[in-house]
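Only heavy atoms go into these numbers, but all of them, side chains included; no hydrogens, no water, no symmetry mates.
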Amino acid sequence: MTAADIYKQILTHSPNASQSSIYRNIDDLVLKWELKKLEWLWKKAYFETNTGNHIHLVDQSTGKIIDIEIDNTTLNIPNLPDNFTTTHLDIKIFGEFT
């Protein structure tokens, strides 16, 4: 969902909600890792509640996005320095489903 989508949904329950308050709260949730912000999709920022480690498969012809859950301890990344500890992953794979 985009921030505008979230705002529209909130308006259905709270018609007097301030747009700036909603956007500010979205930013706070991102800072607290309760929402994940995806800024790479079609020049818009999207937000998701799945904040765990996962890969995004993006179908470029339809815009469909599928999450694949992963465990960063089993993901083999070649040439990763020994003194680097992974805290979270943000992997996107673009292509098309056939």
Side-chain angles (χ1 to χ4, degrees):
M1 296 177 64
T2 65
D5 295 332
I6 295 169
Y7 176 60
K8 286 177 192 172
Q9 275 200 351
I10 290 173
L11 282 181
T12 63
H13 302 287
S14 301
N16 296 325
S18 158
Q19 184 176 13
S20 61
S21 294
I22 301 304
Y23 282 45
R24 201 170 29 256
N25 280 293
I26 290 171
D27 288 338
D28 287 344
L29 290 170
V30 169
L31 288 173
K32 294 176 184 177
W33 289 94
E34 294 177 32
L35 278 181
K36 185 181 272 189
K37 184 175 185 178
L38 310 169
E39 298 183 81
W40 44 271
L41 296 171
W42 303 278
K43 298 183 182 181
K44 287 185 179 181
Y46 289 82
F47 300 89
E48 65 178 351
T49 56
N50 183 353
T51 59
N53 290 330
H54 61 280
I55 295 173
H56 292 107
L57 294 182
V58 182
D59 186 322
Q60 291 175 286
S61 62
T62 65
K64 181 177 181 176
I65 303 167
I66 295 177
D67 290 350
I68 298 177
E69 299 301 320
I70 58 171
D71 176 357
N72 64 338
T73 61
T74 61
L75 186 63
N76 183 14
I77 303 172
N79 304 318
L80 195 63
D82 291 336
N83 63 342
F84 184 81
T85 302
T86 304
T87 58
H88 68 279
L89 302 171
D90 185 12
I91 300 172
K92 303 157 200 75
I93 300 174
F94 294 86
E96 293 183 8
F97 290 101
T98 55

* Donor-acceptor pair, Asp59 side chain versus Phe97 backbone, under 3.5 Å? ->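 Side chain of Asp59 to backbone of Phe97: a pair is present.
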* Within the distance-only criterion (no hydrogens, no angle test), does the side chain of Asp5 pair as donor or acceptor with the backbone N or O of Thr2 below 3.5 angstrom? ->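 Yes, the answer is positive, given that a donor and an acceptor are paired below the 3.5 Å cut-off.
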What is the distance from atom [atom1] of [X] to atom [atom2] of [Y], rounded to the nearest 0.5 Å?
X: Asn50; Y: Leu35; atom1: CG; atom2: CG; answer: 11.0 Å
X: Ile6; Y: Ile26; atom1: CD1; atom2: CD1; answer: 4.0 Å
X: Phe47; Y: Lys37; atom1: CZ; atom2: NZ; answer: 5.0 Å
X: His56; Y: Lys36; atom1: NE2; atom2: NZ; answer: 5.5 Å
X: Ser18; Y: Tyr23; atom1: OG; atom2: OH; answer: 10.5 Å
X: Asp67; Y: Glu48; atom1: CG; atom2: CD; answer: 5.0 Å

* Asked: With side chains defined as the heavy atoms from C-beta onward, is the minimum distance between Gln19 and Arg24 less than 4.5 Å?
  -> no
* Give a yes or no on whether Ile68 and Ile93 share a hydrophobic cluster (residues Ile, Leu, Val, Met, Phe, Trp, Tyr; joining criterion: side-chain heavy atoms under 4.5 Å apart). =>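 Looking at the clustering, Ile93 is in the same group as Ile68.
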Determine all donor-acceptor pairs shorter than 3.5 Å in which one atom belongs to a side chain in residues 7-14; sequence neighbours excluded.
| from | atom 1 | to | atom 2 | distance (Å) |
| --- | --- | --- | --- | --- |
| Thr12 | OG1 | Gln9 | O | 2.5 |

* side-chain hydrogen bond (donor to acceptor under 3.5 Å, both in side chains) involving Thr49 - partner list, sequence neighbours excluded ->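 Per chain and number, Thr49 pairs via side-chain hydrogen bond (donor to acceptor under 3.5 Å, both in side chains) with no residue.
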